[in-house]
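Since the structure is predicted, the reported quantities are computational estimates derived from the model, not experimental observations. Just so it is clear, the values below take in all heavy atoms, side chains as well, and ignore hydrogens, waters and symmetry mates.
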Amino acid sequence: MKQDELRSGLLGDVLTWSFRLLFALVALLMLAWGATGLSRVNPGNQAVVTRFGQIARVRGPGLLLTWPAPVEHVTLLPSGSRQVQFSPESLEQDRSQVRSEADATTYGFDVSDDARQNTWFFMTGDGGVVHLKVMVFYQITDPAAWLIAADHIEPALRRAVIAAAVHTCASRDLDGILVARPERAGEASFVAKRESFRTDLVSLVNARLATNGEAGLGIRVARADVVASIPSGAKAAFDNVLSVSQQVERVVAQARTAAEIRRQGAVQSRENAIDQAHALAQETVNTAEAKSAFVRALGNQPGMSRQTVLNQLYRERAGSVLGLVDKVDVVPVHATSILYSSTSP
């Protein structure tokens with residue numbers, strides 16, 4: 001009997017301590033499980049708490065007390081003031097990856113045979129082609145909406161960027177996106193378009209994102225870094241056009257110089273001709289005045305009749321004529337014979 005009682009007492013003690021240890025272990029496990037519900041949200045982050053998969057609340061930086069998993073789950077997201085970087089797929093390739101001479105016209109870009117894959121080449125308003133490398137920075141404005149649409153954020157943002165880029169490029173010339181023609185780089189209209197290109201792109205992206213359902217995607221694009229370029233084949237063509245344009249401008253300048261020289265020569269010739277005509281006219285006038293001076297002088301004397309003037313002129317002219325001969329024979333008016341006279345030298 002005593003041995004049985006002793007054995008029963010030892011068994012009872014073992015069971016008692018076993019239950020105590022089990023209870024302590026369960027208590028420790030409960031404490032450890034409960035401790036997982038206490039977390040800290042760092043500055044620059046925000047937390048979205050979901051209870052059995054349903055969004056329960058949104059909390060900012062600080063200590064966060066939640067029911068442990070699997071009751072509640074905490075998802076940390078960047079705060080609304082932080083910008084999240086997103087880079088859409090790019091079709092660029094390294095110079096060493098240019099496969100053949102046929103790729104030389106599109107050097108620097110991997111062009112696919114499937115046109116739908118060449119998404120980062122865009123048509124400009126003047127019929128040019130430009131390649132864009134876009135880096136987008138967005139902010140989370142609605143954490144709950146972002147968490148709901150998390151799997152669709154980047155595809156939707158990529159489509160929005162492509163659609164905005166198509167519209168923005170089509171609304172301006174190539175020189176309104178990048179400096180393609182150096183001779184037009186300083187024009188005010190193109191400078192203003194290049195400066196507003198990124199702003200217009202961001203505005204169009206945000207407008208397109210706002211159309212994604214009533215709640216939207218919970219994001220807003222803050223800025224976009226855009227690197228615009230053209231294929232080397234097009235660049236060579238632009239350089240060739242620039243070279244030809246410079247040659248044309250040089251030829252035009254030479255033609256204008258030659259035309260100006262000819263114009264000045266013609267003006268000088270015209271002035272010389274006019275001066276000569278004026279001198280000849282003045283000389284003619286002076287000669288005429290000299291020849292008519294005697295007649296005018298006689299006409300200005302008072303008491304001079306017409307017959308007197310004629311007699312005066314006859315005597316002067318006859319005297320000058322008779323002064324040229326050595327001998328003069330006078331024949332009466334009514335003589336019937338003809339007198340021949342000869343004068344020996």
State, with a plain yes or no, whether a side-chain heavy atom of [X] is found less than 4.5 Å away from one of [Y].
X	Y	result
E154	F86	yes
V161	V136	yes
F137	V84	no
W146	T141	no
Q85	M135	yes
L280	Q276	no
L147	T50	yes
L132	V227	no

If only side-chain N and O atoms count, and only distance matters, is there a donor-acceptor pair under 3.5 Å linking [Y] with [X]?
X	Y	value
Q282	N286	yes
R40	N42	yes
E260	Q264	yes

Count I, L, V, M, F, W, Y as connected when their side-chain heavy atoms are under 4.5 Å apart, and connections chain through other members. Are [X] and [Y] then in the same cluster?
X	Y	result
I148	V74	no
V205	V166	yes
V244	V252	yes

Minimum heavy-atom separation for [X] and [Y], please, with both atom names.
X	Y	value
A164	L204	CB-CB, 3.6 Å
L209	A156	CD2-O, 4.3 Å
L217	A149	CD2-CB, 3.8 Å
A224	R198	O-CD, 3.6 Å
Q83	A222	NE2-CB, 3.5 Å
Q139	R82	CG-O, 3.3 Å

Distance (rounded to the nearest 0.5 Å) between R208 CZ and L157 CG: 11.5 Å
What's the spacing between R223 CZ and Y138 OH if we round to 0.5 Å?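 These two atoms lie 14.0 Å from each other.
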Testing N45, I140, V58 for side chain to side chain contact (heavy atoms under 4.5 Å, CB included) with L77, which one passes? I140
Show your reasoning for whether side-chain contact (heavy atoms from CB on, under 4.5 Å) applies to T124 and S171. CA-CA 7 Å; T124 61; S171 63; over 6 Å; no
L201/V226 under side-chain contact (heavy atoms from CB on, under 4.5 Å): CA gap, chis, key distance, verdict: CA-CA 9 Å; L201 183 65; V226 182; 3.7 Å; yes
Donor-acceptor contact present, side-chain [X] to main-chain [Y], <3.5 Å:
X	Y	answer
D175	F190	no
Q46	P78	yes
R194	I177	no

When you check the gap from the basic side-chain N to the acidic O, do R57 and E72 get nearer than 4.0 Å? yes
Check this for me, if you would: do D200 and R172 make a salt bridge, where the nitrogen-to-carboxylate-oxygen distance has to be below 4.0 angstrom? yes
Between S229 and V130, does the side-chain contact (heavy atoms from CB on, under 4.5 Å) criterion hold? Intermediate values first, please. CA-CA 6 Å; S229 58; V130 64; over 6 Å; no
May I have the step-by-step check of side-chain contact (heavy atoms from CB on, under 4.5 Å) for V134 and D225, ending in yes or no? CA-CA 6 Å; V134 183; D225 292 342; over 6 Å; no
